Protein chains: 4
Amino acid sequence: MAQSDTVTRILDTAEVLFAERGFAETSLRNITSKARVNLAAVNYHFGSKKALIQAVFSRYLDPFTQRFHTALDELEAQHEGRVIPLETLLETMATTVLAVPAERNSLKVFMRLLGLAYSQAQGHLRRHIQQEYGDVFTRFTELVRQATPDLPDAERFWRLHFMLGTVIFTLSGLDALRDIAEKDYHEQVTVRDLVRRLRPVVVAAMNAPLPPALEEGKYANAQAS
Amino acid sequence: MAQSDTVTRILDTAEVLFAERGFAETSLRNITSKARVNLAAVNYHFGSKKALIQAVFSRYLDPFTQRFHTALDELEAQHEGRVIPLETLLETMATTVLAVPAERNSLKVFMRLLGLAYSQAQGHLRRHIQQEYGDVFTRFTELVRQATPDLPDAERFWRLHFMLGTVIFTLSGLDALRDIAEKDYHEQVTVRDLVRRLRPVVVAAMNAPLPPALEEGKYANAQAS
Amino acid sequence: MAQSDTVTRILDTAEVLFAERGFAETSLRNITSKARVNLAAVNYHFGSKKALIQAVFSRYLDPFTQRFHTALDELEAQHEGRVIPLETLLETMATTVLAVPAERNSLKVFMRLLGLAYSQAQGHLRRHIQQEYGDVFTRFTELVRQATPDLPDAERFWRLHFMLGTVIFTLSGLDALRDIAEKDYHEQVTVRDLVRRLRPVVVAAMNAPLPPALEEGKYANAQAS
Amino acid sequence: MAQSDTVTRILDTAEVLFAERGFAETSLRNITSKARVNLAAVNYHFGSKKALIQAVFSRYLDPFTQRFHTALDELEAQHEGRVIPLETLLETMATTVLAVPAERNSLKVFMRLLGLAYSQAQGHLRRHIQQEYGDVFTRFTELVRQATPDLPDAERFWRLHFMLGTVIFTLSGLDALRDIAEKDYHEQVTVRDLVRRLRPVVVAAMNAPLPPALEEGKYANAQAS
DNA sequence: CATGAATGAGATTTCATTCAT
DNA sequence: GATGAATGAAATCTCATTCAT
């Protein structure tokens with residue numbers, strides 16, 4: 001009880017502050033004082049600030065990974081070896097991402113954290129994530145490959161990352177963008193709203209015509225539709 | 001000359017370090033020692049670390065803004081009041097973005113900085129950019145509006161940011177992605193390559209079918225195609 | 001059993017770490033984690049870090065004191081009131097010192113600890129040793145006095161400490177010196193080797209001619225031979 | 001002036017506190033508060049605690065090394081290629097050691113520091129000293145070799161270290177020993193006193209008969225007199 | 001008998017900034 | 001116009017010890 005309480009309070013506070021200000025701008029003092037916990041507790045329970053950062057991510061990514069694997073298992077079972085359509089795959093991923101933090105009403109925090117993981121200079125974090133959670137991403141990528149057999153491998157790689165950028169950038173900067181949108185268009189934007197808007201865009205982007213081929217390494221307008 | 005030299009050396013060093021590690025993780029000591037400049041020089045010449053950060057951005061954004069205005073002037077002159085096609089607008093923006101840091105071979109740095117501006121907790125920076133460079137973005141947005149008359153305003157707003165995310169995320173994380181791409185697909189990826197790949201994706205995304213309306217009909221302007 | 005086990009493991013680990021790094025540089029965490037024992041166990045079993053340090057010494061000094069008293073008893077019995085020669089006394093001490101840690105193959109550790117006791121700022125330790133083990137040293141000193149009747153008391157005092165320094169310094173720094181000796185002279189040096197080398201040196205030092213008296217005749221008992 | 005003042009105050013305070021309590025037991029806070037200097041000043045001027053420790057040593061060892069080289073130059077000039085007697089060499093060393101801290105009346109501190117350098121776990125310090133000041137010791141050793149041609153090399157090595165132990169142990173523990181000596185023998189012991197007492201002891205030790213050879217004749221160079 | 005949790009104190013180090021020159 | 005010195009604040013982390021169970 002006592003332990004769980006302290007550890008949980010630290011994690012809850014840390015994820016919010018990290019999401020708000022980033023890792024470097026959030027001191028252990030900020031976290032522990034807001035969590036009303038002894039300053040040394042972070043080091044006692046987690047060992048270091050780096051380990052705390054990783055723990056914050058694991059609390060989201062562990063259940064996500066598990067659910068996503070399960071969801072993909074089900075999909076594969078349903079399709080009995082047939083190719084799973086791209087839209088189904090994207091839908092499944094979106095659903096799983098949304099499901100994880102649903103109970104804690106903290107999708108925004110999760111997305112901010114993901115964005116930070118990419119943009120902030122935390123090599124240890126990127127390594128940790130790649131190492132712990134790379135498998136499920138590889139599995140997903142392979143299914144996408146089967147769903148888009150006409151796309152050259154390199155093109156698919158880049159388009160997936162284009163879309164990753166779209167999603168992470170949008171969702172992690174959600175607050176600022178939402179403010180503007182509300183001011184200018186009088187919209188109350190929810191995350192589900194955004195997902196609804198994202199779906200056709202992502203599908204269209206993945207299915208866009210191929211770019212003109214390169215001409216002997218340089219650029220020509222020959223097109224390989 | 002001597003002063004200009006010091007200032008330039010500081011800016012050159014700062015932009016590289018900021019791009020590599022972010023703002024908080026880069027200390028003035030890092031900058032001044034790498035630039036072989038006195039520690040107090042930053043505060044002497046720029047007043048504060050915040051002002052230095054803004055100066056780094058201004059060095060890119062001032063010429064960009066100027067060129068972009070000029071380019072849009074020319075476009076409008078050419079089309080004599082007729083609507084400028086979306087692809088022309090995007091092409092012009094891409095060209096201008098690429099032109100600015102061309103001489104310094106530092107597009108990657110520029111993009112990293114833009115990414116940081118969005119993702120890091122530097123309120124002062126976001127305010128500074130909005131205030132100084134909001135005009136040209138507003139002008140561009142208006143031209144895009146004319147080029148996509150069927151797109152609801154809110155939808156256009158979000159799709160522009162989706163694409164902004166794609167571009168910034170991709171170009172700012174260029175090095176890491178490039179490494180993977182080269183390893184997996186034996187491609188030598190150049191920035192121009194990426195732009196070539198981005199063009200059809202962005203166009204397709206902007207022209208994607210509208211999302212289905214929300215059930216409750218809450219938002220009048222979200223209309224099915 | 002369980003308790004004895006824990007206590008022994010702590011002592012075994014502590015003496016090694018203390019000898020390697022000194023007292024202040026060895027934390028209770030170091031000790032308990034290496035001994036795979038609960039962090040609180042040291043305070044539980046010994047009360048404090050200081051008490052642990054003293055316990056480490058007692059484990060060596062208690063049996064040493066006992067054996068040395070016994071050995072001196074035997075010597076006195078053999079000599080039936082006659083003076084015991086200096087070399088016999090030294091030999092007996094050396095034998096006893098070597099005997100104590102023999103079973104644990106840790107003479108080096110013992111000597112390092114003795115050296116630390118003198119050189120590190122552990123007032124409590126020096127007081128503890130003096131108080132607990134001063135008697136046997138006093139007894140030995142008195143026998144040495146009888147064996148060297150021509151030596152002024154002060155001179156004897158200093159020379160005994162000179163030799164104490166020789167022995168402790170050499171044996172406590174044994175590892176480093178042994179490395180050098182092996183590298184430069186291709187010798188495999190054992191402790192018994194060193195004792196063999198020490199014997200004639202110590203005897204010669206104790207029997208060295210007296211130093212010249214101070215000019216002012218300050219000290220009557222310091223007389224040239 | 002200002003700089004020299006702060007740096008000097010730090011060094012003066014640090015050497016006293018280090019000598020009294022050892023390195024680990026002396027915190028930078030102790031030093032800076034006693035020196036009435038800002039806490040950050042140590043890191044500003046020296047970079048780290050380790051560097052401060054080394055600086056404290058250098059302040060003694062640099063002039064010592066210089067003077068000792070000069071003194072040996074003079075000795076060699078006087079003897080015009082002839083062997084310099086052992087006692088002259090020892091006398092010269094003693095004189096030089098005494099001369100260095102004379103002006104600062106801090107021989108005791110110097111000796112304590114030397115003792116600490118050997119006994120405390122400061123690998124960096126031992127490396128620093130060996131690297132910076134090894135040369136002069138090598139030169140001295142070579143002269144001692146010429147002065148004691150009958151001594152096997154290994155024997156000379158060990159005897160030199162025996163004597164080093166004597167000197168360092170005695171002089172570094174001077175305070176405690178002096179207290180006892182004064183109490184028991186009503187002597188006012190000065191450092192020069194001790195040197196006077198040490199001289200015949202060291203000479204006798206160096207000239208002691210060789211130890212008996214090892215039974216197995218393992219070491220050819222350990223030869224009975 | 002033993003331990004996991006917790007804590008207050010204090011360690012070293014780094015920071016952006018200021019100031020006298 | 002520029003800089004070396006200095007500094008107050010705050011960073012992370014480690015420490016020996018205590019306490020409830």
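None of the values given here were measured: they were computed from a predicted structure. Reminder, nothing fancy here: chain letters follow the sequence lines and each chain counts from 1.
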So, Arg9(C) side chain and Arg36(C) main chain: donor-acceptor pair closer than 3.5 Å or not? yes
Is the phosphate of [N] approached by [X] (side-chain N or O, under 4.0 Å from OP1 or OP2)?
X: Asn38(C); N: dG4(E); value: yes
X: Thr6(B); N: dG1(F); value: no
X: Asn43(B); N: dT17(E); value: yes
X: Arg29(C); N: dA16(F); value: no
X: His45(A); N: dA5(E); value: no
X: Ser27(A); N: dA10(F); value: no
X: Tyr44(D); N: dA5(F); value: yes

Report the base-pairing partner of dT21(E) (Watson-Crick or G-U wobble, both distances below 3.5 angstrom), or none. dA2(F)
Can you check the [X] [atom1] to [N] [atom2] distance for me, whole Å?
X: Leu39(B); N: dA2(F); atom1: CG; atom2: P; result: 15 Å
X: Leu28(D); N: dG10(E); atom1: CG; atom2: P; result: 15 Å
X: Glu25(D); N: dT12(E); atom1: CD; atom2: C1'; result: 16 Å
X: Lys49(B); N: dA10(F); atom1: NZ; atom2: P; result: 16 Å
X: Ile31(D); N: dA11(E); atom1: CD1; atom2: P; result: 11 Å
X: Phe46(C); N: dA2(E); atom1: CZ; atom2: P; result: 12 Å
X: Ile10(D); N: dA5(F); atom1: CD1; atom2: P; result: 12 Å
X: Asn30(C); N: dC13(F); atom1: CG; atom2: P; result: 17 Å

Start at the 5' end of DNA chain E and walk down; is the nucleotide closest to Phe23(B) or to Ala41(C) reached first? Ala41(C)
Can you tell if the side chain of Glu132(D) reaches within under 4.5 Å of the side chain of Leu61(D), non-hydrogen atoms only? no
Find out whether Leu52(C) and Ile31(C) are in side-chain contact, i.e. whether some heavy atom of one side chain is under 4.5 Å from a heavy atom of the other. yes
Base, sugar-phosphate alone, or nothing: which one does Thr26(B) contact when heavy atoms must sit under 4.0 Å apart? sugar-phosphate
By nearest nucleotide on DNA chain F, pick out whichever of Gly47(A) and Ala40(D) is the more 5' one. Ala40(D)
I'd like to know if Arg112(A) and Glu15(A) make a salt bridge, using a cut-off of under 4.0 Å between side-chain N and carboxylate O. no
Ion pair present between Asp12(B) and Lys34(B), side-chain N to carboxylate O less than 4.0 angstrom? no
Please tell me which of the listed nucleotides, dT17(E), dT12(F), dG8(F), lies nearest to the side chain of Ser48(B)? dT17(E)
